[in-house]
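In what follows, a single structure is set out as structure tokens and then discussed.
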Amino acid sequence: CRLDECPPGLFLHGGTLGFKSEYRTPMGKVEAYVVESGEFFCGGSKTNDDRDVLLVTPVRITNANALSLVSLEENE
């Protein structure tokens with residue numbers, strides 16, 4: 001689905017795991033972030049209008065026990 005039509009929560013775009021907020025910017029655009037870095041998600045687009053129509057895949061976690069969690073301290 002398009003980013004602007006995707007439900008709030010996690011989504012995939014290419015190899016990027018993102019998070020779409022239920023909130024909008026003051027200009028009415030989607031607030032979405034890259035999970036790994038916390039940066040504003042742009043998906044390679046140059047404008048907010050282009051970003052809002054990017055195709056993304058919503059992610060639904062059905063079994064949190066299946067997730068692999070990595071401690072940042074162990075990787076430093």
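Values reported hereafter were calculated over all heavy atoms of this structure, with side chains retained and with hydrogens, waters and symmetry mates removed. From a predicted model like this one, the values you see are computed outputs, not experimental measurements.
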Looking at M27, is its backbone amide N or carbonyl O close enough to the side chain of T25 to form a donor-acceptor pair, meaning the two atoms are under 3.5 Å apart?
yes
Between K20 and C6 (side chain of the first, backbone of the second, donor and acceptor by atom type, cut-off under 3.5 Å), is there such a pair?
yes
Side-chain heavy atoms under 4.5 Å apart, restricted to Ile/Leu/Val/Met/Phe/Trp/Tyr: what other residues fall into the cluster of L55, or is it alone?
none
Checking side-chain contact (heavy atoms from CB on, under 4.5 Å) for the pair I61/L10: CA distance, chi angles, key distance, verdict?
CA-CA 9 Å; I61 297 174; L10 298 173; 3.7 Å; yes
For D50 and S45, the nearest pair of non-hydrogen atoms, with its separation, is CB-CB, 3.8 Å
Quick one: [atom1] on [X] to [atom2] on [Y], what's the gap to the nearest 0.5 Å?
X: H13; Y: C42; atom1: NE2; atom2: SG; result: 8.5 Å
X: F11; Y: L17; atom1: CZ; atom2: CG; result: 8.0 Å
X: D4; Y: N48; atom1: CG; atom2: CG; result: 11.5 Å

Beyond-backbone contact of [X] with [Y], side-chain heavy atoms, under 4.5 angstrom:
X: L3; Y: R51; value: yes
X: R24; Y: V30; value: yes
X: P8; Y: S21; value: no

Verify side-chain contact (heavy atoms from CB on, under 4.5 Å) between D52 and K29, making sure each step is shown before the conclusion.
CA-CA 7 Å; D52 283 359; K29 299 299 178 184; 3.1 Å; yes
Verify the ring-centre separation between F41 and F19: is it less than 6.0 angstrom?
no
